[in-house]
Structure formats: structure tokens, C-alpha cells
Amino acid sequence: MPSGKTVKVRRGTTLLDAARQAGLTIRTRCGGKAACFMCKMSVSPGSELLPIADNERHKLAGLDGEHIRLSCQARVAGKVIAEIRPDPLRSAVERLLAKQAEEQDDKLW
């Protein structure tokens, strides 16, 4: 999600690798070593993932209870529905551009 793409992967594949196989890009700085925290994903309740490891649990500091997982660490055990979270910088730029366009429209009238 949000692209609606589906991909079949082997059990134990990370969500990061599954996304890449689906042709989706998830930004990371650490190369998938759970150091940068950039690859957070939202997973739907009931998604079948292998149990969370201590390293990932420590990094998430409670966010795992909110269905957030690190895509470089979360491993597929069965059917998973996951959403790539928007890049915060890109979201901020999009909001500014929308505001600027709105202000531009207001000046025309």
C-alpha cells in the first residue's frame, strides 16, 4: 500500500526486500541494518510476520504496538498487508506547494 501492488515472496523475506521485488522504493541510509529508522512501515493487524527481534523492538521503542515495523527487520511468515509511510520531507514539500498553489489561486480572483 498505497500502490496496491502484490508480490509473492518466501517465508523469512524482509518487508524491505519484498517491496523491492514489487518495484517499490523504501528509503534507507543504513543499508537495512536497523540503524537509520527510515524504513518504518505500517502493517495491518493480523499480518503474518515472524516474531519481532529484540533489536527491532528496542529501535521501535513501543511503536510496534501501533503496528509499525522496520521493513529491513520485519520478516514475512504468511500474508502481510503493509503500507509504506510517506517520506516526511516529501510530505512537507507537497504541503508547501499545495499552499502556494492555493494562495496563487486566491490572487487570481
Side-chain angles (χ1 to χ4, degrees):
M1 301 295 265
S3 68
K5 290 198 175 189
T6 301
V7 64
K8 284 189 176 194
V9 297
R10 291 182 177 206
R11 178 183 172 91
T13 301
T14 65
L15 293 180
L16 179 63
D17 288 337
R20 288 177 176 163
Q21 288 179 35
L24 302 170
T25 301
I26 297 176
R27 293 185 51 200
T28 67
R29 283 191 200 137
C30 69
K33 296 178 180 39
C36 70
F37 206 58
M38 290 179 67
C39 68
K40 295 183 304 284
M41 292 185 83
S42 299
V43 293
S44 293
S47 288
E48 299 171 40
L49 295 168
L50 294 176
I52 189 169
D54 289 339
N55 183 36
E56 183 184 6
R57 180 174 279 114
H58 176 71
K59 291 284 184 181
L60 289 171
L63 289 176
D64 56 315
E66 297 178 28
H67 306 289
I68 304 296
R69 296 288 301 266
L70 297 179
S71 68
C72 68
Q73 301 298 302
R75 295 186 177 275
V76 174
K79 186 176 179 177
V80 177
I81 298 174
E83 180 178 354
I84 299 172
R85 297 169 62 92
D87 179 313
L89 179 59
R90 182 177 182 164
S91 296
V93 168
E94 287 173 351
R95 282 192 304 273
L96 286 172
L97 290 173
K99 183 178 178 183
Q100 186 178 37
E102 188 177 291
E103 290 172 355
Q104 196 75 18
D105 287 344
D106 288 345
K107 289 179 183 178
L108 294 175
W109 301 106

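Throughout, numbering of the chain's residues begins at 1 and tracks the sequence.
- Considering every non-hydrogen atom in both Ala34 and Cys72, the closest pair reads N-SG, 3.5 Å.
- Without hydrogens or angle criteria, Ser71 side chain to Met41 main chain gives no donor-acceptor distance under 3.5 Å.
- Shown here are the side chain to side chain donor-acceptor pair (under 3.5 Å) partners of Ser44, two or more places apart in sequence or in another chain: there are none.
- In terms of heavy-atom proximity, Thr28 sits nearest to Cys39 at CG2-CB, 3.8 Å.
- Scored by the side-chain contact (heavy atoms from CB on, under 4.5 Å) test, Ile52 finds Glu56, Arg57, Leu60, Asp64, Arg69 as partners (sequence neighbours excluded).
- Looking at residues two or more places apart in sequence or on another chain, you find a side-chain contact (heavy atoms from CB on, under 4.5 Å) between Arg29 and Cys36, Met38.
- For residues 32-50, the set of pairs meeting the salt bridge (charged side-chain N to carboxylate O under 4.0 Å, His left out) definition, not counting sequence neighbours, is empty.
- Taking OG of Ser42 as the reference point, atom CD1 of Ile81 lies at 12.5 Å (rounded to 0.5 Å).
- The closest side-chain heavy-atom distance from Val7 to Leu24 is not below 4.5 Å.
- Residues Ala77 and Leu49 come closest through the heavy atom pair CB-C, 3.7 Å.
- With sequence neighbours excluded, no residue forms a side-chain contact (heavy atoms from CB on, under 4.5 Å) with Leu96.
- Val80 and Leu16 end up in the same hydrophobic cluster when Ile, Leu, Val, Met, Phe, Trp and Tyr side chains are linked at under 4.5 Å.
- Annotation: side-chain contact (heavy atoms from CB on, under 4.5 Å) contacts of Gln100 (sequence neighbours excluded): Leu97.
- With sequence neighbours excluded, no residue satisfies side chain to side chain donor-acceptor pair (under 3.5 Å) with Arg20.
- Contacts of Thr14 classified as side chain to side chain donor-acceptor pair (under 3.5 Å), with partners at least two apart in sequence or in another chain: Asp17.
- Residues Val43 and Leu70 do not share a hydrophobic cluster, defined by chaining ILVMFWY side chains whose heavy atoms lie under 4.5 Å apart.
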